[in-house]
There are 2 protein chains.
Amino acid sequence: MKEEASKKRIHLLPEQICFPMYASSRMITRLYQPLLEKLDITYPQYLVLMVLWHEEKLSITELGQRLFLNTNTLTPLIKKMKEKNLIKKQRSRSDERSVFVQLTEKGKALEEQASHVPDALLDSLKMSNEDIDTIRRIMWKFLSNFNERVQFTEGEA
Amino acid sequence: MKEEASKKRIHLLPEQICFPMYASSRMITRLYQPLLEKLDITYPQYLVLMVLWHEEKLSITELGQRLFLNTNTLTPLIKKMKEKNLIKKQRSRSDERSVFVQLTEKGKALEEQASHVPDALLDSLKMSNEDIDTIRRIMWKFLSNFNERVQFTEGEA
DNA sequence: AAAAAAAATATCGTGTGCGATGTAATCATG
DNA sequence: CATGATTACATCGCACACGATATTTTTTTT
């Protein structure tokens with residue numbers, strides 16, 4: 001009886017920590033979409049662009065470290081962006097295993113066209129600046145902590 | 001020159017609010033995985049189970065409202081869970097359009113087997129209770145606010 | 001009551017995510 | 001310097017997410 005009552009609370013959605021993040025993340029991606037589809041890019045593609053607007057030339061692995069994504073996600077993503085003429089690929093001469101990616105002129109030009117996106121999104125969020133700062137701070141703390149513990153491709157089991 | 005400097009900050013990942021949530025959400029899903037694969041379920045399937053452990057019988061739409069998912073995601077998800085014998089489907093007699101879903105005995109039995117999952121996950125997060133509570137509170141506030149403004153299938157443009 | 005609109009699912013196509021595995025290049029070690 | 005381990009990507013298969021659209025049933029309008 002009492003055990004039944006306690007069991008009932010364990011799996012309540014509002015008690016969960018991941019679910020509201022999972023749902024919120026998808027909701028925000030939906031908010032991004034009308035802004036990004038005018039630029040003919042998806043949200044993950046926008047993330048790749050944001051990285052490359054600040055870092056000229058990166059290997060696939062380095063890009064993956066910035067975005068917490070593995071090559072099995074990035075390779076097809078990069079391929080599509082190359083087909084859209086947003087990105088150039090170039091194999092490293094010093095290490096033939098590595099592939100560098102960098103933006104084309106078209107990819108660079110998108111930065112200007114996307115300059116209104118961050119503010120437009122913040123408006124659509126309808127969240128207080130305080131809450132936004134709090135989320136950002138805690139999530140980055142979590143991510144850095146996570147990055148120390150688990151190194152992508154390996155995983156220490 | 002100064003315009004160049006300000007432009008540079010706009011699209012920095014650490015300035016973004018959605019990216020750390022998007023990345024954190026995926027990281028947490030990865031933490032769930034070793035716990036859930038022992039039960040032979042995925043994270044979205046776990047979410048469906050959590051709802052149905054507390055609400056006996058729901059239509060696809062009602063389930064979608066709980067999880068912020070549309071039928072184009074839920075229908076195939078439900079189908080797979082039916083094939084795994086976790087869920088039963090039944091068309092409503094009062095409204096032939098609606099389909100009710102409810103757990104099979106096997107689905108109900110999983111609640112017991114999953115009872116350690118929430119605590120195990122919290123441990124693996126390595127976050128303070130205070131941060132967890134803060135995230136949960138702000139994210140739910142955001143979700144409820146969002147739910148008021150945007151009604152899934154329609155969208156008020 | 002017939003026609004139009006709305007509602008509840010289902011289907012289709014596209015784009016991620018990611019575990020598992022494959023391949024080629026580089027490194028490490030005896 | 002051969003060879004086994006490691007590294008950097010690529011490929012494959014599966015499971016979501018979701019916009020667009022189709023289908024069936026109910027509701028609303030006229």
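The chains referred to below are lettered A, B, ... by the order of the sequence lines, with proteins before strands, and numbering in each begins at 1.
At a threshold of 4.0 angstrom between heavy atoms, the contacts of Lys79(B) with the nucleic acid are absent. Residue Thr61(A) is classed as a sugar-phosphate contact, given heavy-atom separations below 4.0 Å to backbone atoms only. Among the atoms of the strands shown, only primed sugar atoms or phosphate atoms (P, OP1, OP2) are found under 4.0 Å from some heavy atom of Thr42(B). Counting non-hydrogen atoms under 4.0 angstrom, Ser59(A) reaches the backbone sugars and phosphates but no base.
If you check residues 92-101 of chain B against DNA chain C, the residues with a heavy atom closer than 4.0 Å are Arg97(B), Ser98(B), Val99(B), listed by number.
Separating the OH atom of Tyr46(A) from the C1' atom of dT16(C) is a distance of 18 Å, rounded to the nearest angstrom. The CZ atom of Arg91(A) sits 6 Å away from the P atom of dA10(D) (whole-angstrom rounding). If you measure from atom NZ of Lys84(A) to atom C1' of dT16(C), you get 12 Å, rounded to the nearest angstrom. Straight-line distance from the CD atom of Glu37(A) to the P atom of dT14(C): 17 Å, rounded to whole Å. Spacing between atom CE of Met81(A) and atom C1' of dT16(C) amounts to 13 Å, rounded to whole angstrom units. Put simply, CG on Leu58(B) is 11 Å from P on dT9(C), counting in whole angstrom units. In this structure, NZ of Lys82(A) is placed 10 Å from P of dA10(D), rounded to the nearest angstrom. Computed from coordinates, the Tyr22(A) OH to dG17(C) C1' distance equals 12 Å when rounded to whole Å.
Atom CD1 of residue Ile60(B) and atom OG1 of residue Thr73(B) lie 12.0 Å apart, to the nearest 0.5 angstrom.
In this structure, Lys108(B) pairs ionically with Glu105(B), as a charged nitrogen and a carboxylate oxygen lie closer than 4.0 Å.
Taking the side chain as every heavy atom from C-beta outward, Glu55(B) and Arg66(B) approach each other to under 4.5 Å. At a threshold of 4.5 Å between non-hydrogen side-chain atoms, the residues Met81(B) and Leu49(B) count as touching. Using a 4.5 Å heavy-atom threshold, the side chains of Tyr22(A) and Tyr22(B) count as separate.
Nearest-nucleotide mapping onto DNA chain D: of Leu77(B) and Ile60(A), the residue sitting toward the 5' end is Ile60(A). The 5' end of DNA chain C is approached more closely, in terms of each residue's nearest nucleotide, by Pro76(B) than by the other of Pro76(B) and Lys80(A).
Neither side chain, Thr61(A) nor Ser59(A), offers a donor N or O lying under 3.5 Å from an acceptor on the other.
Terminal axes of the helix from dA1(C)-dT30(D) to dG30(C)-dC1(D) (five pairs each, C1' rotation axis) are separated by 20°, to the nearest 10°.
Across dT16(C), dC18(D), dC9(D), the shortest atom-to-atom separation from the side chain of Asn72(B) is found for dC18(D).
Contact between the side-chain N/O atoms of Gln45(A) and the OP1/OP2 oxygens of dT16(C) is found at a separation under 4.0 Å. Distances shorter than 4.0 Å separate some side-chain N or O of Thr75(A) from OP1 or OP2 on dA10(D).
Ring-plane geometry between His11(A) and Tyr46(B) is classed as perpendicular, the angle between the planes exceeding 60 degrees on a 0 to 90 degree scale with a lower cut at 30.
Neither Val51(B) nor Phe100(B) shares a network with the other; the hydrophobic side chains, linked directly or stepwise wherever heavy atoms of I, L, V, M, F, W or Y lie under 4.5 Å apart, form separate groups for each.
Contact of Asn70(B) with dG19(D) (side chain to base): no donor-acceptor pair of N or O atoms is detected under 3.5 Å.
By the neighbour-count criterion of 12 heavy atoms within 6.0 Å, atom CZ of Arg91(A) is densely surrounded, having more than that number from other residues, nucleotides or ligands. Around CD of Glu130(B), the count of heavy atoms belonging to other residues, nucleotides or ligands within 6.0 Å does not exceed 12.
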